[in-house]
Amino acid sequence: MERADVGALVRSAVDGDGAAWKALVEGLSPLVWSVVRAHRLSDADAHEVYQTVWFRFAQHLGRIREPQKAGSWLASTARHESLKVIRSLSRLVPTDDPQLLDRVSEDGTPEQSLLDAEEAAAESERIRYVWQEFEELGDRCRQLLRVLIASPPPSYQEVSAALGIAVGSIGPLRQRCLRRLRARLDARGAL
């Protein structure tokens with residue numbers, strides 16, 4: 001497939017065009033399969049990686065910055081997912097030693113790992129929302145809050161000198177900015 005065609009299909013798929021999605025899968029599947037097969041995975045693992053690659057592509061479809069390079073994105077993801085499977089297989093060691101089988105894993109249960117991953121994804125999404133709403137605040141609020149979160153925190157005298165705000169106005173302005181940010185996040189349902 002030509003890059004321009006891929007870019008147009010990705011943009012159409014983002015807009016919900018099922019035919020564009022089908023054309024992407026049909027046109028780029030040979031690429032994904034070639035990368036997966038190059039890693040010499042078992043059939044089951046290869047199919048798992050193939051499905052994971054397309055799932056990740058669907059998840060990130062609207063966030064791909066250069067839609068015409070979707071093939072590169074898919075190839076890179078296929079390589080990454082294949083290597084992840086290979087790494088996980090290298091950790092498996094067959095044994096008939098019952099003491100080894102009864103050991104508790106340091107990694108926790110698969111269920112706990114999934115819960116931790118979902119929690120981390122939700123936290124990442126909340127942080128992304130905070131920064132998006134932060135960028136929508138006025139310049140004055142953004143400048144003040146950025147200065148106040150510096151490490152180590154500056155004194156109000158330093159903030160006053162840097163931003164040209166009276167020392168007595170810094171606290172109330174900070175509260176108004178934070179209230180505005182909280183209201184924006186509440187309206188979005190991000191808190």
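Residues Ala20 and Leu9 approach most closely at CB-O, 3.5 Å, considering heavy atoms. Closest of all the heavy-atom pairs between Ser160 and Ile165 is OG-O, 2.6 Å. Residues Ala75 and Val35 come closest through the heavy atom pair O-CG1, 3.7 Å. Taking all atoms of both residues into account, the shortest heavy-atom contact from Leu83 to His39 is CD2-CD2, 3.8 Å. Heavy-atom minimum distance, Leu163 versus Leu144: CD1-CA, 3.6 Å. Taking each heavy atom of Arg126 and Glu123 in turn, the nearest pair found is NH2-OE1, 2.6 Å.
Using modelled atom types, one side-chain atom of His47 and one backbone atom of Asp43 make a donor-acceptor pair closer than 3.5 Å. Side chain of Arg63 to backbone of Gln59: a donor-acceptor contact under 3.5 angstrom is found. Checking side-chain atoms of Ser29 against main-chain N and O of Val25 turns up a donor-acceptor pair under 3.5 Å. A donor-acceptor pair under 3.5 Å links the side-chain atoms of Ser34 to the main chain of Leu31, judged by distance alone. Side-chain N or O atoms of Ser88 include one that pairs as donor or acceptor with a backbone N or O of Val85 at under 3.5 Å. A side-chain donor-acceptor contact under 3.5 Å links Ser12 to the backbone of Ala8. Between the side chain of Ser82 and the main chain of Ala78, a donor-acceptor pair closer than 3.5 Å is present.
The CZ atom of Phe134 lies 11.5 Å from the CG atom of Leu185; values are rounded to the nearest 0.5 Å. One distance of note links CD of Gln143 with SG of Cys177; it measures 10.5 Å at 0.5 Å rounding. Atom SG of Cys141 is separated from atom CG of Leu181 by 9.0 Å, given to the nearest 0.5 angstrom. One distance of note links CG of Asp17 with CZ of Arg11; it measures 13.0 Å at 0.5 Å rounding. Expressed to the nearest 0.5 Å, how far CG of Leu28 lies from CG of Leu74 amounts to 5.5 Å. One finds the OG atom of Ser169 at 14.5 Å from the CZ atom of Arg174 (value rounded to the nearest 0.5 Å).
Every residue two or more places apart in sequence or in another chain that forms a side chain to side chain contact (heavy atoms under 4.5 Å, CB included) with Ser155 is listed here: Gln157, Glu158.
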Pair Glu133-Arg142, salt bridge (charged side-chain N to carboxylate O under 4.0 Å, His left out): steps then yes or no: CA-CA 10 Å; Glu133 294 303 329; Arg142 284 197 315 264; over 6 Å; no
Verify side chain to side chain contact (heavy atoms under 4.5 Å, CB included) between Leu137 and Arg184, making sure each step is shown before the conclusion. CA-CA 9 Å; Leu137 293 175; Arg184 292 182 70 88; 4.1 Å; yes
Applying side chain to side chain contact (heavy atoms under 4.5 Å, CB included) to Phe57 and Thr77, what does each step give before you reach the verdict? CA-CA 8 Å; Phe57 186 65; Thr77 304; over 6 Å; no
Residue pair His80, Lys84: steps toward the side chain to side chain contact (heavy atoms under 4.5 Å, CB included) verdict: CA-CA 6 Å; His80 174 76; Lys84 194 179 344 179; 4.0 Å; yes
Could you please spell out the steps behind the side chain to side chain contact (heavy atoms under 4.5 Å, CB included) verdict for Glu119 and Leu115? CA-CA 6 Å; Glu119 186 176 311; Leu115 291 173; over 6 Å; no
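Neither Ile64 nor Phe55 shares a network with the other; the hydrophobic side chains, linked directly or stepwise wherever heavy atoms of I, L, V, M, F, W or Y lie under 4.5 Å apart, form separate groups for each. At a threshold of 4.5 Å between side-chain heavy atoms, the hydrophobic network of Ile, Leu, Val, Met, Phe, Trp and Tyr places Ile149 and Val147 in two separate groups.
Relative ring orientation between Trp21 and Trp54 is described as perpendicular, the plane-to-plane angle rising above 60° on a 0-90° scale split at 30° and 60°.
With no hydrogens or angles considered, a side-chain donor-acceptor pair links Ser42 and Asp45 at under 3.5 Å.
With a 4.5 Å cut-off on side-chain heavy atoms, Glu66 and Trp73 do not count as touching. The side-chain heavy atoms of Leu148 and Pro153, taken from C-beta on, include no pair separated by under 4.5 Å. With a 4.5 Å cut-off on side-chain heavy atoms, Leu145 and Leu178 count as touching.
Note on Arg87 versus Glu81: no salt bridge recorded, every NZ/NE/NH1/NH2 to OD/OE distance being 4.0 Å or above.
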